[in-house]
Amino acid sequence: PPGGGGGGGGGGPLRAGRPPGGRGAVGAPPPPPGMAFEALNHAGDVHKDMLVVLNDNEMSISENVGALNNHLARLMSGKLYTTIREGGKKVLAGLPPVKELAKRAEEHLKGMVVPGTLFEEFGFNYIGPIDGHDIHALVETLRNMRNLKGPQLLHVKTKKGKGYEPAEKDPIGYHAVPKFNPDDCALPKSAGGKPTFSAIFGQWLCDIAAKDERVVGITPAMREGSGLVKFSQQYPDRYFDVAIAEQHAVTFAAGLAIADQKPVVAIYSSFLQRAYDQLIHDVALQNLPVLFAIDRAGLVGADGPTHQGAFDISFLRTVPNMVVMTPSDENECRQMLYTGYLCNGPAAVRYPRGSGTGIQAESEMQALPLGKGRVVREGKRTAILAFGTLLQQARTAAEALDATLVDMRFVKPMDEELVLSLAASHDQFVTLEDNAIMGGAGSAVNELLMGSKQCKPVLNLGLPDRFIEQGTQDEIYALLGLDSVGIQTRIESWLQA
């Protein structure tokens, strides 16, 4: 299909293939390169019969980066390989069992020169490269390799978007596509509309970089998805794509922070999970000023269970020194990014996929009072504490129930003074978040109330204890009772129980 031939995050050739639609729209995301090398090392040690296929298509979501990619590219175009390849054809032409295989695939020829050394050091027999689009040669090669003993590595060359000319010319644009007519040879133009949170972040990063030359942007191979294209063009010397290597991205940011830089790590919520150890030991333990711009927090919709940003509040709020912010709209997002930039320690701003309310984000940047929420609506008896963009869906319920509605803004530090003052004047609380209920922001409210001996009934609304299925964001919100109607219905049912 268009965009096939090995999808990936623009981080080098050593990765598992995946279909269009983000980094793993169907099935699990690929392991980072570190895990792949660890697996190669282990496989070479146990020396079992196995086959590893290296799908080398020269790019993924974005252009490949990294030394391994550059190494393979240089060797593929080098005169030494070309000379030996042509000489090898003549030598092997007289060997009947491999003559046809040598003619069509040449996979054994590449094993005679330097590229194979890298993998042979791991204990693999290197074969390739062969044309991955020549199905007959590929099948024949695989058939011949079935009886080879020990670890085998087959290097396959492919072209992303092969067979559909527009995708071949624009593999980045055709990586994750909406519905389109292939006969038009063009993707449908965007209807415009409200800016996405990713775009809000990208513009903020450019604006703050213009004011502070210490600011650098880091992405683990998600330039386009995280809104970093403009920044990478305007500040190429301060933009770092570290490949699909989330752990390295975080530790790299820690190193830059020690060197008095202001690193901003743009990362998806589900991918930050991979770097939890580095976040704790390399950033938070040293209390370093690293800002995490956490995209795709909450429900991501079409990319499915592997990409739902369901756990970041839960695993971030337990880490000492962390500041965790949940903007309710685009302007709040911009101002919280600035607030995090000014923090003299680790800070995270989590925001969802897609657009928000459509309000205009103020160009002027103002730091928010650290750990302070804001009352959006004054009401009676019931206080709804919203963390993030679900504040908008809660407005209907607040009006219908004459409830107090609060934009909590901060998960950590939480506005304890505000919550306890509401406990003195309200009968019950409802917490609302686009994160797992277990261990989330609502749990923090529960802990505060119980620790302060404020035994108030609390309804925690958020994501249930299961992996959330694929669907549009609106469909899943409705299914989980987290749209406007669902929130009101669930609160009314709880109050009447």
>> Tell me every residue that passes ring-ring contact (aromatic ring centres under 6.0 Å, His included) with Tyr341, counting only those two or more places apart in sequence or in another chain.
In response: Tyr338

> Restricting to pairs with a member in residues 348-364, which pass salt bridge (Lys or Arg N to Asp or Glu O under 4.0 Å), not counting sequence neighbours?
Replying inline: Asp303-Arg353, Asp312-Arg350

>> For His248, give me all partners under ring-ring contact (aromatic ring centres under 6.0 Å, His included), at least two apart in sequence or on another chain.
In response: Phe252

> With Asp45, which residues qualify under salt bridge (Lys or Arg N to Asp or Glu O under 4.0 Å), at least two apart?
Replying inline: none

> Looking only at side chains, do Gln335 and Asn331 share a donor and an acceptor under 3.5 Å apart?
Replying inline: yes

> Distance only, no hydrogens: is a donor on one side chain within 3.5 Å (strictly under) of an acceptor on the other, for Asp407 and Ser328?
Replying inline: yes

> Pairs in or reaching into residues 469-480: which pass salt bridge (Lys or Arg N to Asp or Glu O under 4.0 Å), with residues at least two apart or in two chains?
Replying inline: Arg466-Glu469

>> Suppose we screen for salt bridge (Lys or Arg N to Asp or Glu O under 4.0 Å). Which residues come up paired with Asp212, at least two apart in sequence or across chains?
In response: Arg214

>> Among Asp329, Thr339, Asp207, which residue satisfies the side chain to side chain donor-acceptor pair (under 3.5 Å) criterion with Arg334?
In response: Asp207

>> Do His307 and Tyr268 pair up side chain to side chain, a donor and an acceptor below 3.5 Å, judged on atom types alone?
In response: no

>> Testing Val445, Thr431, Leu432 one by one against Asn460 for a side chain to side chain contact (heavy atoms under 4.5 Å, CB included), which residue passes?
In response: Thr431

>> Test side chain to side chain donor-acceptor pair (under 3.5 Å) on Thr219 and Asp241; report intermediate values, then the result.
In response: CA-CA 5 Å; Thr219 175; Asp241 180 347; 5.4 Å; no

>> Using the ring-ring contact (aromatic ring centres under 6.0 Å, His included) criterion, which residues pair with Phe231? Sequence neighbours excluded.
In response: Tyr235

>> Please enumerate all residues that pass side-chain contact (heavy atoms from CB on, under 4.5 Å) together with Glu213, with sequence neighbours excluded.
In response: Arg238

>> Under the rule for side-chain contact (heavy atoms from CB on, under 4.5 Å), what residues qualify as partners of Ile280, not counting sequence neighbours?
In response: Tyr276, Val319

> So which heavy atom on Leu482 is nearest to which on Arg490, and how close?
Replying inline: CD2-NH1, 3.9 Å

> Is there a donor-acceptor contact under 3.5 Å linking the side chains of Ser443 and Arg317?
Replying inline: no

> Tell me, which pairs form a salt bridge (Lys or Arg N to Asp or Glu O under 4.0 Å) where one or both residues lie in residues 286-295, sequence neighbours left out?
Replying inline: none

> Val52 and Gln152: side-chain contact (heavy atoms from CB on, under 4.5 Å), yes or no, with the steps?
Replying inline: CA-CA 6 Å; Val52 174; Gln152 309 293 322; over 6 Å; no

> Passes side-chain contact (heavy atoms from CB on, under 4.5 Å), Gln308 versus Phe467? Steps please.
Replying inline: CA-CA 8 Å; Gln308 310 286 17; Phe467 291 106; over 6 Å; no

> Who pairs with Phe410 by ring-ring contact (aromatic ring centres under 6.0 Å, His included), at least two apart in sequence or on another chain?
Replying inline: none

> What are the two closest heavy atoms between Ser232 and Val229, and how far apart are they?
Replying inline: OG-O, 2.7 Å

> Is there side-chain contact between Met322 and Leu279, with at least one heavy-atom pair below 4.5 Å?
Replying inline: yes

>> Walk me through whether Gln428 and Trp494 qualify under side-chain contact (heavy atoms from CB on, under 4.5 Å).
In response: CA-CA 11 Å; Gln428 59 264 327; Trp494 180 68; 3.7 Å; yes

> Distance only, no hydrogens: is a donor on one side chain within 3.5 Å (strictly under) of an acceptor on the other, for Glu330 and Thr357?
Replying inline: yes

>> Checking Ser314 against Asn435: is there a side-chain donor and acceptor pair closer than 3.5 Å?
In response: yes

> Roughly how far, to the nearest 0.5 Å, is CD1 of Ile476 from CD of Gln470?
Replying inline: 7.5 Å

> What do the steps show when you test Met325 against Val411 for side-chain contact (heavy atoms from CB on, under 4.5 Å), and what is the final call?
Replying inline: CA-CA 6 Å; Met325 292 172 271; Val411 175; over 6 Å; no

>> Checking His426 against Thr382 for the side chain to side chain donor-acceptor pair (under 3.5 Å) test, could you report, in this order, the C-alpha distance in whole Å, the side-chain angles of both residues, the deciding distance, and whether it holds?
In response: CA-CA 6 Å; His426 290 72; Thr382 302; over 6 Å; no

> Parallel, tilted or perpendicular: which fits the ring planes of Tyr126 and His155, with parallel below 30° and perpendicular above 60°?
Replying inline: perpendicular

> Listed by chain and number, what are the side chain to side chain donor-acceptor pair (under 3.5 Å) partners of Asp49, not counting sequence neighbours?
Replying inline: none

> What is the minimum heavy-atom distance between Val216 and Pro263, and which atoms define it?
Replying inline: CG2-CA, 3.6 Å

